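Predicted, not measured: the structure shown is a model, and the values here were computed from it. Just so you know, ligand 1 is whichever comes first in the structure, and atom 1 is the first atom listed for that ligand.
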Amino acid sequence: MTHTNERLRWVIGNWKQNKLRFEARELAEAVAQGRASAVGAAEDRVRVGIAPTFLCLDLAVPFAPPGDALWLFAQNVGAQDFGAFTGEIGPTMLLDAGVNGAIIGHSERREHFWETDEDIERKLRCALAAGLQVVLCIGEPLEIREAEQHETFVISQLSTAFFNIPPEHITERLVLAYEPIWAIGTGKTATPAEASAMHHAIRTWMGETFGANGRDRSILYGGSVKPANAAALLAAPDIDGFLVGGASLDAASFLDIVRTAAGG
Ligand code: 13P
């Protein structure tokens, strides 16, 4: 192991709106088959997840049996468990289907589907109360970065998202992902120093707000992560793994990133 802190590392592939069912099944199987050798001796420190579309989650369930081997995430989740909310899927339904967790607040949901910080707060509260594993995404657009307001912006996203979250729900079931919007799908990665500074600000705020439980949460980086840049990003002290988009659509490149996160 090359990393020195005690936090769990996560590498999660966000497949977004990609893959038909036969392709999703093949990719889930390839990731599941390659995972153990990519993780190697770091089994207790590195968790690997995939986030297929809702329609393909059931295909991946057999490759993600109970236990820590492969974690299965939805890309979104409703803000209510049950009821008259046409088109929605709640956290308890995901758990019932064999899904471990959900990504909440991805910038593509905020940008293209107008999800607000308040919507995300309701989803986060409902998911954590139901016992779902959560990856909460935060991150700033380019104009905010250029105006050097990025830390203020991200801390404001956090303070709204956590406004009503009971402190006892701040546990290992919560993972954060910093994804600067200008780095998503653009080939432009935040430098390790830029990402690390933001992760440090996020960790400091979580610590001030929730004490040690907040401070010790894993914080992932997302935005054009590739096998070629993963090691440099992971060398930064506050980066605990990755939420990977494009490079997770190919099993070999995703598993290369997992191997790097496992220290090999
Ligand atoms: P890319 O890795 O394709 O930039 O996507 C990042 C992302 O949005 C993961 O959630």
*asked:* Applying the side-chain hydrogen bond (donor to acceptor under 3.5 Å, both in side chains) criterion to D240, which one of H199, R9, R217, R203 satisfies it?
replied: R203
*Strictly under 4.0 Å, does any heavy atom of G187 approach an atom of ligand 1?*
no
*Select the closest option to atom 10 (O) of ligand 1 among K188, H106, K226, judged by heavy-atom distance.*
H106
*Among all protein heavy atoms, pick out the one at the shortest distance from atom 3 (O) of ligand 1; state its residue, atom name and that distance to 0.1 Å.*
G246 N, 2.8 Å
*At a 4.0 Å cut-off, with the gap strictly under it, does some heavy atom of G223 reach an atom of ligand 1?*
yes
*Backbone, side chain, both or neither: what part of C137 comes under 4.0 angstrom of ligand 1, heavy atoms only?*
neither
*What protein heavy atom sits nearest atom 9 (C) of ligand 1, and how far off is it?*
E179 OE2, 2.9 Å
*Decide, yes or no, whether a salt bridge links R122 with E118 under the criterion of side-chain N to carboxylate O below 4.0 Å.*
no
*Anything under 30° is parallel, anything over 60° is perpendicular, the rest tilted; go ahead and classify W205 against F210.*
perpendicular
*Note: R35-E43 ion pair, threshold 4.0 Å (strictly below)*: yes
_No-hydrogen, no-angle side-chain donor-acceptor test under 3.5 Å, Y221 and E194_ = no
*Does ligand 1 have an atom under 4.0 Å from some heavy atom of K16?*
yes
_Can you tell me which portion of I184 lies within the under-4.0 Å heavy-atom range of ligand 1? Options are side chain, backbone, both, or neither._
both
*Starting from atom 2 (O) of ligand 1, locate the nearest protein heavy atom and write down its residue, its atom name and how far away it is, to 0.1 Å.*
G245 N, 2.9 Å
*asked:* If we count only N and O atoms by modelled type, under 3.5 Å, do the side chains of W15 and Q75 hold a donor and an acceptor together?
replied: no
*asked:* Can you confirm whether the side chains of S253 and D256 place a donor and an acceptor under 3.5 Å from each other?
replied: no
